[in-house]
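Heads up, the thing below is written out as structure tokens.
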Amino acid sequence: MRWTIQPKPSEDKIKHLAQALNVENFVAQLLIQRGIENFEEAKVFFRPSLEHLHDPYLMKDMEKAVERIEKAIQNQERILVFGDYDVDGTTAVSLVSSYIKSYYPEVATYIPDRYQEGYGVSFMGIDYADDNGFSLIIALDCGIKSIDHVAYAKERNIDFIICDHHRPGETLPDAVAVLDPKREDCNYPYDELCGCGIGFKLIQALGNNRSQTIEDLIPYLDLVAAAIAADIVPMTGENRVLAHFGLQVINSNPRPGIKALVHQIKKKVLDITDVVFIIAPRINAAGRIKHGNHAVELLTEFDFEQAQQFASEIEAYNSERKNLDKLITKEALKQIEENNEKERFTSVVFQEDWHKGVIGIVASRLIETHYRPTLVFTKSGDKYAASARSVKGFDVYNALEACSEHLEQFGGHMYAAGMTLKEENYLLFKEAFEREVEKTIHPDMLVPEISIDAEIDFCDITPKLIRILKQFEPFGPKNMTPTFLTKDVKDTGYGKPMGQDEEHLRLFLKQNGSEGIAAIGFGLGDKFDLTTNQKPFQVAYNIDENEWNGKTSVQLRLKSIK
């Protein structure tokens with residue numbers, strides 16, 4: 001484990017901002033590290049406002065998209081809202097379809113079957129549209145590379161509007177409109193929206209035509225917040241504003257489907273971490289185990305009792321998903337061991353009966369043991385299909401592009417991608433991918449890193465600091481929960497390993513006569529010896545609050561000890 005302390009900004013900058021905001025120097029340092037350098041930027045950061053959202057018409061092709069939808073409504077055409085089977089896709093489909101349905105009935109949804117159709121726009125989906133008289137397809141969270149599919153639809157007099165956030169290829173599909181801020185020729189001010197975020201910009205533009213204000217669209221933000229959290233997009237700019245207000249909706253007045261998912265949870269106020277670990281996996285489980293349609297049914301249901309019924313089915317899929325990913329992870333780790341591949345630069349594993357719905361999760365799990373770019377393959381029809389996950393700083397999409405001669409198709413982004421190849425190309429690809437990663441990865445990237453924002457003393461942890469850190473939320477990429485370093489720490493003697501296999505650690509820490517502070521370290525049980533005999537040590541941690549019997553106290557969540 002590498003500890004990396006983030007570069008400290010200049011003392012002048014820190015002092016200037018600390019004075020302007022009346023905060024401690026290290027708080028100003030945290031803000032500057034997040035790109036916030038003056039009072040105005042801090043005001044925008046600490047007081048997210050819906051007024052900070054950009055005009056949707058700044059997005060290339062937005063006018064064309066709105067015009068085509070309005071024309072479809074005028075001519076009583078049938079509209080099919082199509083999206084991927086993950087959280088981003090199913091929330092986007094739920095959002096756009098339920099919005100248009102609120103004033104126009106001829107709207108249906110389509111989520112491709114993960115196993116029969118695979119990722120993205122499918123010929124089966126277009127045939128379904130053709131057979132059922134749909135003349136307009138709105139594709140969400142997919143479609144940016146669907147050149148052949150859009151041409152196929154065109155031959156059948158079906159128009160496409162594409163709303164995607166993945167990187168485009170050299171040629172764009174011949175759709176009526178292609179909304180994707182990552183297009184070279186799109187000058188939209190923010191290009192990190194997720195698929196559901198782009199769906200929201202579309203309904204924002206449609207709302208303009210109906211004299212609706214942004215306030216009228218707030219009820220849809222619970223879906224957008226779920227997608228932002230699940231899709232691991234940067235928590236900056238518009239994403240942060242949408243997530244901030246979306247969390248308020250989740251906590252005050254969520255749609256029945258989300259209410260049903262969180263109904264059993266004892267926690268009063270959910271934060272973004274709860275959305276990532278509680279809401280998102282359950283929405284995802286439908287498409288992983290059964291069919292993404294079940295997620296859309298849940299998220300568009302207005303009757304709470306019916307939503308509870310859907311939620312309990314999804315709960316069962318989620319339990320099955322958990323069991324599968326444990327089992328497959330075990331088998332994959334064994335395969336790496338038996339093939340003597342523990343010392344490689346990549347993990348590439350295959351078994352033909354692995355469940356396609358969980359291979360992405362398994363890839364992430366393997367990285368917890370063997371920290372390197374990872375691909376998990378399974379059999380899909382007569383092809384091999386894989387999910388890729390990467391390590392911090394390494395662009396797995398570029399590595400796949402360099403090996404694309406062996407692939408049938410691939411898509412995704414820096415840290416996560418999907419691909420298919422022919423059976424006979426598997427070993428060729430596996431070796432090419434290993435060579436490419438060996439050639440391009442920096443050795444440091446193969447060692448997990450804890451990035452430390454600032455060094456502080458325990459006496460700096462005050463109620464005021466905790467109040468300020470709360471306002472840094474919602475956390476996510478590019479605005480991670482601050483990680484602090486404190487040196488010369490001792491355990492007061494009450495420390496002990498916890499958990500069935502003593503894999504966790506509970507300590508009670510002091511520094512230079514400070515008041516004791518509780519700390520918990522998940523997975524740090526093996527570091528217990530470093531904390532005994534009153535020997536001083538260093539801790540890297542996040543500051544947390546612990547609720548117990550109605551009382552709230554400060555607790556450190558330890559990330560590492562040395």
Side-chain angles (χ1 to χ4, degrees), residues 34-36 41 44-45 48-66 83-84 86-89 91-92 95-96 120 138-146 161-173 175 177-205 214 221 223-246 272 390 392-398 400-401 410-417 474-480:
R34 283 158 177 70
I36 295 144
E41 288 170 350
V44 170
F45 180 77
S49 160
L50 292 166
E51 288 169 12
H52 299 153
L53 297 177
H54 305 299
D55 176 355
Y57 284 101
L58 294 172
M59 200 177 287
K60 178 91 175 167
D61 280 5
M62 185 61 83
E63 222 153 290
K64 292 178 185 170
V66 170
D84 191 27
D86 67 1
V87 179
D88 196 13
T91 52
L95 177 127
V96 172
I138 302 172
L140 293 142
D141 188 36
C142 60
I144 197 64
K145 287 185 165 181
S146 303
I161 290 169
I162 289 168
C163 307
D164 205 348
H165 69 120
H166 296 98
R167 281 197 266 188
E170 281 177 28
T171 317
L172 292 176
V178 177
L179 307 178
D180 187 339
K182 291 193 175 77
R183 278 177 70 162
E184 289 291 324
D185 57 352
C186 180
N187 297 321
Y188 190 72
Y190 187 72
D191 67 358
E192 296 289 2
L193 290 165
C194 61
C196 188
I198 294 179
F200 184 78
K201 299 312 291 187
L202 177 61
I203 71 164
Q204 207 188 330
I214 193 73
L221 290 178
L223 292 171
V224 186
I228 288 169
D231 225 53
I232 320 183
V233 285
M235 196 61 81
T236 55
E238 273 192 313
N239 283 341
R240 197 161 172 276
V241 175
L242 293 166
H244 172 86
F245 288 97
I272 206 79
S390 194
K392 188 178 174 183
F394 185 76
D395 194 326
V396 73
Y397 181 92
N398 286 349
L400 293 175
E401 202 161 36
F410 70 100
H413 41 81
M414 181 167 177
Y415 290 119
F475 294 118
K478 298 199 175 165
N479 180 38
M480 298 302 275

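At distances below 3.5 Å, at least one donor-acceptor pair connects side-chain atoms of D86 with backbone N or O atoms of D88. At distances below 3.5 Å, not a single donor-acceptor pair connects side-chain atoms of Y415 with backbone N or O atoms of Y397. At distances below 3.5 Å, at least one donor-acceptor pair connects side-chain atoms of R183 with backbone N or O atoms of V178.
Here the closest heavy-atom approach between residue I228 and residue A243 is recorded as CD1-N, 4.0 Å. Here the closest non-hydrogen pair linking I162 and G143 is CD1-O, 3.3 Å. Residue P181 comes nearest to D164 through the heavy atom pair CD-O, 4.0 Å, listed as atom of the first residue, atom of the second, then distance. Closest heavy-atom contact between P474 and N479: O-ND2, 3.1 Å. Here the shortest heavy-atom pairing between T91 and A227 reads OG1-CB, 3.4 Å.
Counting only heavy atoms from C-beta outward, the side chains of I144 and K182 never approach each other to under 4.5 Å. Side-chain contact between I138 and C163 is present, with heavy atoms from C-beta onward closer than 4.5 Å. In this structure the side chain of L53 reaches within 4.5 angstrom of the side chain of V241, judged on heavy atoms. Annotation: side chain of D141 is in contact with side chain of H166 (closest heavy-atom distance under 4.5 Å). When side chains are defined from C-beta on, F410 counts as touching E401, because their heavy atoms get closer than 4.5 Å.
Taken from CD1 in I214 to CG in L221, the straight-line distance is 7.0 Å, to the nearest 0.5 Å. Here the straight-line distance linking atom CZ of R34 with atom CE of M235 works out to 12.5 Å at 0.5 Å rounding. How far NE2 of H413 is from NE2 of H165: 5.5 Å, rounded to the nearest 0.5 Å.
Heavy atoms from other residues, nucleotides or ligands lying under 6.0 Å from NZ of K64 number 12 at most. The number of heavy atoms from other shown groups lying within 6.0 Å of CG (D185) is above 12. Heavy-atom neighbours of I232 CD1 from other residues, nucleotides or ligands within 6.0 Å: at or below the threshold of 12.
Residue pairs that meet the salt bridge (Lys or Arg N to Asp or Glu O under 4.0 Å) test with at least one member in residues 234-246, sequence neighbours left out, are K201-E238.
For the ring-ring contact (aromatic ring centres under 6.0 Å, His included) test, no residue two or more places apart in sequence or in another chain qualifies with F394.
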Under 3.5 Å, which donor-acceptor pairs do the side chains of residues 189-200 form with other protein atoms, sequence neighbours left out?
residue : atom : partner : partner atom : Å
Y190    : OH   : T236    : O            : 2.9
Y190    : OH   : T236    : OG1          : 2.7
Y190    : OH   : N239    : ND2          : 3.1

